[in-house]
Each structure stands twice: as structure tokens, then as C-alpha cells.
Student: 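Next up is a structure, given as C-alpha cells.
Counting convention: from 1, in listed order, for ligands and their atoms alike. Here, residue 1 is the first one in the sequence, and each next residue gets the next number.
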Amino acid sequence: MTALSKDDVRAALSTIIDPVSGDDIVTNGMVSGLFIKERNIGFAIEIDPADANRMEPLRKAAERAVLALNGVSSVSAILTAHNEAPAPRTEPTVRSDRQTAPATSLLPDVEAIVAVASGKGGVGKSTTAVNLAVALASLGQRVGILDADVYGPSLPRMLGVTEKPRTLKNKQIAPLEAHGLKIMSMGFMVPEDTAMVWRGPMVMGALEQMMREVAWGELDMLVVDMPPGTGDAQLTMAQRVPLAGAVIVSTPQDIALIDARKGMSMFAKVNVPVLGIIENMSTFICPKCGERTDIFGHGGARAEAERLGCDFLGEIPLDVAIRVTSDSGQPITASEPDGPLAAAYRDVASTVLARTSGATTRPAPNISMD
Ligand code: ADP
């Protein structure tokens with residue numbers, strides 16, 4: 001049997017007619033983020049959010065059409081708000097004396113850089129970044145993860161890697177590798193319990209070094225675990241690399257308390273698109289009886305995302321297995337890849353993939369610094 005190609009999938013999808021325009025969904029440019037991983041296929045259908053309800057039958061029909069292809073074992077189609085054209089980015093207005101080199105030179109072989117951010121600490125941002133990265137790798141992507149949280153790097157512990165990275169002959173630093181990811185963190189250089197005082201320019205320098213001087217090689221996606229809140233790391237990333245977008249992690253109660261909004265407005269200010277919100281610690285699942293309880297309420301993130309006009313990327317339950325596995329350096333997506341929690345992260349990963357496809361060639365914005 002010959003391997004399935006994207007053209008085969010597109011041909012199957014071109015039999016599906018968009019009821020709004022009367023054209024098929026491929027001709028209409030509604031299909032994005034198509035990926036094939038062995039016999040599993042995923043893609044997004046871009047729609048006007050106002051049409052979400054009446055598009056559900058179309059989504060199902062698209063899944064059925066692809067599933068009918070020879071050799072396909074699973075199909076995951078998601079509806080997503082259509083990608084607005086990015087706002088034009090203006091000419092440099094950098095008023096700081098640190099005029100910098102063109103951003104594209106920092107990570108030339110990385111297709112898409114996604115920042116994982118939160119308004120405040122403790123919402124599970126790093127846990128989400130790690131599991132999202134492993135889930136993306138399980139979907140066949142070449143993935144790196146960069147710990148931009150120089151103040152409190154947690155990736156070494158969560159990924160169970162603590163060696164010091166090697167320096168290569170060309171003086172570049174080799175990233176560490178685990179769970180299918182290339183990994184770089186300040187925590188590899190500085191012990192976790194060492195209190196470091198970082199001044200702004202040092203943060204910027206350390207981050208730039210972890211991008212420029214690390215031999216990342218070719219990657220489909222670099223997931224960047226940002227420090228919480230807004231500060232120098234956010235500025236550096238927004239200014240120095242072409243971010244495909246930011247993902248905001250929030251708990252249900254924090255969304256109500258505007259912390260997520262703080263994170264979002266930071267990226268909006270520097271013209272980085274927010275890909276959407278992930279609700280972490282959503283529903284509590286009792287480890288003994290499996291009963292679901294909505295401790296902090298449920299669905300708040302979806303409603304809030306809608307209100308703020310950004311996408312809702314999915315929800316991750318509050319489950320002690322997520323904490324135990326991440327504390328022991330064996331993220332749940334790697335240690336129980338067939339379980340329901342890994343599946344929840346994979347769903348989010350597919351949505352992120354769909355939202356970033358084609359969004360990778362934008363130049364980094366130049367921003368004013370007073
Ligand atoms: P942040 O990066 O936002 O400071 P962390 O990722 O370090 O947060 O997570 C804080 C704590 O919450 C960690 O102990 C982590 O294991 C735990 N945690 C994160 N997400 C979940 C979840 N969905 N279910 C259970 N525990 C979680």
C-alpha cells in the first residue's frame with residue numbers, strides 16, 4: 001500500500017461543501033494545519049465563530065470523508081476561528097540604545113516558535129508547556145523546549161534531565177534530549193536552589209544565548225516556557241524572535257480574576273498574536289472513584305476566551321497523576337501516552353498546530369522601549 005499523501009486527504013475533503021459559500025472547503029481555503037502521522041490524520045476547518053453550531057455537521061462529514069480513505073485509522077478535525085491576517089508590523093521605532101541584529105538570524109531553522117505564558121505563577125504553565133511539547137512530538141513534530149524562566153527554571157526537574165550540556169566543536173551548546181524533545185534551560189547551568197539575581201539586560205542576554213548558541217537544528221516547533229507575568233523575558237522574546245504566537249495558561253478561578261487578561265494584553269502590546277487560552281486544573285477527577293467535580297467552576301475559560309475574542313484551546317483536568325509524574329521527571333504524556341490525560345494534551349496540541357500552520361514566516365516586531 002502506498003503511503004497516504006496530503007493530496008489524497010485534500011481530494012477527500014474537496015467533496016465537502018461549505019453551506020455558507022456553496023464552494024468546497026478546500027477550494028475555499030478553509031482547511032489548515034493538515035498533518036499525517038502514520039495512519040492518523042488531523043486538520044482544522046476555519047470558520048466564522050458565529051457559525052460554530054451549524055458547522056458541526058460539516059466537521060463530522062469531513063472526518064467521515066477522510067476516514068473512508070484506505071489506510072486511515074483515526075481522524076481528528078477541529079473547528080477554529082479563521083486566521084485573520086496579521087496586523088501589519090511597523091518599521092523599527094527602537095529607541096533603546098540596544099539596536100539589535102535582524103531577529104531571523106537567532107533561530108533560522110525553527111519553523112514556529114510558540115510562547116507558553118500566564119498572568120501569574122502557580123497556574124501550571126510549565127507543566128502545560130512540557131506536556132504540550134511532548135504531545136506535539138507524539139504527533140510527529142520535531143520539537144524543542146526552551147525554559148525562558150531564568151528566575152525559576154523548572155524544566156530540568158519536570159523532564160528529569162540534569163546533566164550539563166556539552167559544548168560542541170563549533171562552540172555551540174548541544175541541547176539535552178529526553179522524551180523526544182530537545183531541551184535547554186538555565187537550570188542546566190545553575191543549580192535549581194541557587195538564588196540568582198538577574199538584572200534586565202542579563203535576562204535578555206541569557207535568553208539570546210540559549211537561542212543563538214544552542215545547536216537546536218531543524219525544528220517544526222520550539223515551545224518556550226515563559227516566566228509568569230510580564231517583564232524582560234517577554235520583551236526579549238517578542239522583540240528578538242518571530243513568535244508564531246502565545247498560548248495563555250489559566251486556571252478557571254484566575255480567568256475570573258483577570259490574570260490571564262494581563263498576560264494577553266502584554267502580547268497584544270508587542271503585536272504578538274495570542275493563539276488562545278488553555279484552561280488548566282479544569283475539572284477534578286477523583287483518583288479513587290473517577291468522579292468529576294468542578295471545584296473552581298467549569299467552562300469559565302471558554303466563555304472568557306469568547307468574550308476576549310480569542311480561541312479556547314482546550315482544558316486539562318486537575319489530576320494528581322499530572323503532578324506526580326511531572327515532579328518525578330516523567331511527564332504524563334510520555335509515561336502514560338495512551339491514557340485520557342495524554343489525550344487531553346494531544347487535543348490541545350492539535351489545535352495549537354492548526355493555529356500556527358502558515359503563521360511562521362512573520363518577521364519579529366520591533367518595539368519601542370522607553
Ligand atoms: P507554573 O509554571 O504556572 O508556576 P507549574 O507548572 O510549576 O506552575 O505547576 C504548579 C504545580 O501544580 C506543580 O506541582 C504541578 O505539578 C501542579 N499541576 C500543574 N497542572 C496540574 C494539573 N492539571 N493537575 C494537577 N496538578 C497540576
Student: Identify the two heavy atoms, one from Ser282 and one from Pro252, that lie closest to each other, and give their separation to 0.1 Å.
Tutor: CA-CG, 4.1 Å
Student: Return the residue, atom name and 0.1 Å-rounded distance of the protein heavy atom closest to atom 18 (N) of ligand 1.
Tutor: Met281 CE, 3.8 Å
Student: Identify which of Ile322, Thr325, Val123, Thr283 has a heavy atom lying nearest to atom 21 (C) of ligand 1.
Tutor: Ile322
Student: Can you tell which of Ile183, Asp147, Thr162 makes a side-chain contact (heavy atoms from CB on, under 4.5 Å) with Phe188?
Tutor: Ile183
Student: Considering heavy atoms of the protein only, find what lies nearest to atom 17 (C) of ligand 1 and give residue, atom and distance to 0.1 Å.
Tutor: Arg323 CG, 4.0 Å
Student: Tell me whether ligand 1 is touched by Ser154 - counting only heavy atoms on the residue side and a distance under 4.0 Å.
Tutor: no
Student: Write out the residue and atom name of the closest protein heavy atom to atom 25 (C) of ligand 1, then the distance separating them to 0.1 Å.
Tutor: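 Sorting protein heavy atoms by distance from atom 25 (C) of ligand 1 puts Asp319 O, 3.1 Å first.
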Student: Any idea which atoms of ligand 1 are less than 4.0 Å away from a heavy-atom of Leu318?
Tutor: 24 (N), 25 (C)
Student: Could you state the interatomic distance from OG1 (Thr356) to CG (Leu136), rounded to the nearest 0.5 Å?
Tutor: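 Thr356 atom OG1 to Leu136 atom CG measures 8.0 Å (nearest 0.5 Å).
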Student: Run through Ser185, Ser118, Ser126 and flag the one making a side-chain hydrogen bond (donor to acceptor under 3.5 Å, both in side chains) with Asp225.
Tutor: Ser126
Student: Keeping the roles fixed (side chain from Lys182, backbone from Trp216), state whether a donor-acceptor pair exists under 3.5 Å.
Tutor: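 At least one qualifying donor-acceptor pair exists.
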Student: When you check the side-chain N and O atoms of Thr27 and Asp24, is any donor under 3.5 Å from an acceptor?
Tutor: yes
Student: For ligand 1, is any non-hydrogen atom under 4.0 Å from Val320's backbone (N, CA, C, O), its side chain (CB onward), both, or neither?
Tutor: neither
Student: Spell out, as yes or no, whether a donor-acceptor pair under 3.5 Å connects the side chain of Arg142 to the backbone of Leu181.
Tutor: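 Between the backbone of Leu181 and the side chain of Arg142 there is no qualifying donor-acceptor contact (under 3.5 Å).
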Student: We want to know whether Asn131 and Thr333 form a side-chain donor-acceptor pair, criterion being a heavy-atom distance below 3.5 angstrom.
Tutor: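 Present: a donor and an acceptor within the cut-off.
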Student: With only distance considered, is Thr128 within less than 3.5 Å of ligand 1 through an N or O on each side?
Tutor: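 Checking ligand 1 against Thr128, no N or O pair falls under 3.5 Å apart.
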Student: Any luck finding a side-chain donor-acceptor pair between Ser335 and Thr325 under 3.5 Å?
Tutor: no
Student: With nothing but distance in play, are any N or O atoms of Asp327 less than 3.5 Å from an N or O of ligand 1?
Tutor: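 N/O-N/O distance under 3.5 Å: no.
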Student: Look at atom 7 (O) of ligand 1 and say which protein heavy atom is nearest, naming residue and atom and giving the distance to 0.1 Å.
Tutor: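 Atom 7 (O) of ligand 1 sits closest to the protein heavy atom Met158 CE, 3.5 Å.
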Student: Tyr345 versus ligand 1: do any nitrogen or oxygen atoms come within less than 3.5 Å of each other?
Tutor: no
Student: At the 4.0 Å heavy-atom cut-off, does Gly122 count as touching ligand 1?
Tutor: yes
Student: Can you tell me which residue and heavy atom of the protein come closest to atom 19 (C) of ligand 1, and the distance to 0.1 Å?
Tutor: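 Going atom by atom, the protein heavy atom closest to atom 19 (C) of ligand 1 ends up being Thr127 OG1, 3.4 Å.
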Student: Record the part of Pro317 in heavy-atom contact with ligand 1 below 4.0 Å; permitted values are side chain, backbone, both and neither.
Tutor: backbone
Student: Would you mind listing which atoms of ligand 1 come within a distance below 4.0 Å of any non-hydrogen atom of Ser326?
Tutor: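 Those of ligand 1 that fall under 4.0 Å from Ser326 are 16 (O).
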Student: Which pair of non-hydrogen atoms, one from Ile41 and one from Leu34, has the smallest distance, and what is that distance?
Tutor: CG2-CD1, 4.0 Å
Student: Is the contact between Ser126 and ligand 1 made by the side chain, the backbone, both, or neither, using heavy atoms and a 4.0 Å cut-off?
Tutor: both
